[in-house]
Amino acid sequence: MADNKEDQKFCLREVLDVFKSCLTENKEVVIDHYVAGWRGLVRFMNSLGSVFSFISKDAVTKIQIMVNHRSGENAKHYATIQSMVKYELENGLVDLTKQGSFPTSGCRTLLRLHRALRWLELFLERLRTSTEDSKTCVMCADAYNESLAQYHPWIIRKAAGVAFFALPGRPTFFEVMNVGPPEQVVAMLGDALPLISEVYQVTEELYSKHNLLDLP
Ligand SMILES: CCCCCCCCCCCCC/C=C/[C@@H](O)[C@H](COP(=O)(O)O)NC(=O)CCCCCCCCCCCCCCC
């Protein structure tokens, strides 16, 4: 039986707000909040239909890997992305050039979510500036092609392209977001985007500084 929480109508504003709480005063990214943000996004995606389940399955697997790090004996090192990078690099816990002993390293796993966050940023920006007759599937595909697609093999790109066609049109999509009338959706996106962007930028700079942007 589906648990009640899953049935509750939820508001995308609450999900995106979680990303607000990701950054500490010294601009460290709190992994618990980052993961909570993704969990909410996956719930939203699941509510759009089962055609997205191959995407949410992969996202859930990656979320679970991060949750496991956060509940394991080294949990404290996984408090922020910064502390995780330091800990895993200092202890040789990351496969840097080819896949090997650490397929579930935090650095590698988080990099996949980080790349997906760029897709989210681009997609939300397109939604924010869209007009009534804009097509969600085109906005989603454009955002994907500009970001995640370059990391995915042909077969995944193909499957993603098929899934995008199943996206509801803009009016229904906005309704499912449950934020209010379109003007409110646009305003909410305008508030949320700079924060999501900042989380992305901080992570990008950290990964770049440590040469981690191409982890296998
Ligand atoms: C609502 C529309 C949903 C469109 C989602 C667009 C993203 C498409 C991603 C397609 C990923 C397909 C699944 C497989 C991925 C993996 O191969 C690949 C590589 O992993 P590996 O290195 O371990 O092998 N994984 C990834 O790149 C991570 C993908 C994580 C995707 C998370 C997507 C969550 C989407 C949340 C949607 C929320 C929309 C809110 C908008 C208002």
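For ligands, and for the atoms within them, numbers begin at 1 and follow the listed sequence.
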Tell me, do Cys11 and Val179 make a side-chain contact under 4.5 Å, heavy atoms counted? yes
Measuring from non-hydrogen atoms of Arg115 to any atom of ligand 1, is the shortest distance under 4.0 Å? no
Which protein non-hydrogen atom lies closest to atom 39 (C) of ligand 1, naming both residue and atom, and how far is it? Phe44 CD2, 3.9 Å
Side chain to side chain, Pro103 and Arg108, heavy atoms closer than 4.5 Å: no
Report yes if some heavy atom in the side chain of Arg128 is under 4.5 Å from a heavy atom in the side chain of Leu124; otherwise report no. no
For His210 versus Leu89, what's the shortest heavy-atom pair and its separation? ND1-CD1, 3.7 Å
Between Arg13 and Asp17 (salt bridge meaning N to carboxylate O under 4.0 Å), is one present in this structure? no
Can you check whether Asp142 reaches Met139 side chain to side chain, under 4.5 Å on heavy atoms? no
Should you measure from each heavy atom of Leu124, which atoms of ligand 1 turn up under 4.0 Å away? 41 (C), 42 (C)
Ligand-residue contact atoms, ligand 1 with Met45, heavy atoms, under 4.0 Å: 3 (C), 34 (C), 35 (C)
Just jot down the ligand 1 atoms closer than 4.0 angstrom to any heavy atom of Leu12, in number order. 42 (C)
shortest atom 15 (C) of ligand 1-to-protein heavy-atom contact is with Asp58 OD2, 3.4 Å
How close does the nearest protein non-hydrogen atom get to atom 9 (C) of ligand 1, and which residue and atom is it? Leu148 CD1, 3.8 Å
Atom 1 (C) of ligand 1: which protein heavy atom is closest, and how many Å away? Leu48 CD1, 3.6 Å
Pair up each side-chain donor or acceptor in residues 152-159 with any protein partner under 3.5 Å, not counting sequence neighbours, and list the distances.
unit_1, atom_1, unit_2, atom_2, d
His152, ND1, Tyr144, OH, 2.7
Arg157, NH1, His152, O, 2.8

Provide the number and element of each atom of ligand 1 under 4.0 Å from a heavy atom of Phe164. 4 (C), 6 (C)
At what distance is the nearest protein heavy atom to atom 2 (C) of ligand 1, and which residue and atom is it? Leu167 CD2, 3.8 Å
Write out the residue and atom name of the closest protein heavy atom to atom 33 (C) of ligand 1, then the distance separating them to 0.1 Å. Ile55 CG2, 3.8 Å
Short side-chain donor-acceptor distance under 3.5 Å, Ser134 and Thr131: yes
Check each atom of ligand 1 against the heavy atoms of Phe54 and keep those under 4.0 Å away; list them by number with element. 12 (C), 13 (C)
Protein heavy-atom partner closest to atom 30 (C) of ligand 1 - residue, atom, separation in Å: Ala116 CB, 4.0 Å
Atom indices of ligand 1 within 4.0 angstrom of Trp38 heavy atoms, with elements: 32 (C), 34 (C)
Which part of Lys62 is near ligand 1, with near meaning a heavy atom under 4.0 Å away: side chain, backbone, both or neither? side chain
Glu121 and Ile196: which non-hydrogen atoms are nearest, and at how many Å? CB-CG2, 4.5 Å
Among non-hydrogen protein atoms, atom 21 (P) of ligand 1 lies closest to Arg108 NH2, 3.5 Å
ring-ring contact (aromatic ring centres under 6.0 Å, His included) against His33, all qualifying residues, sequence neighbours excluded: none
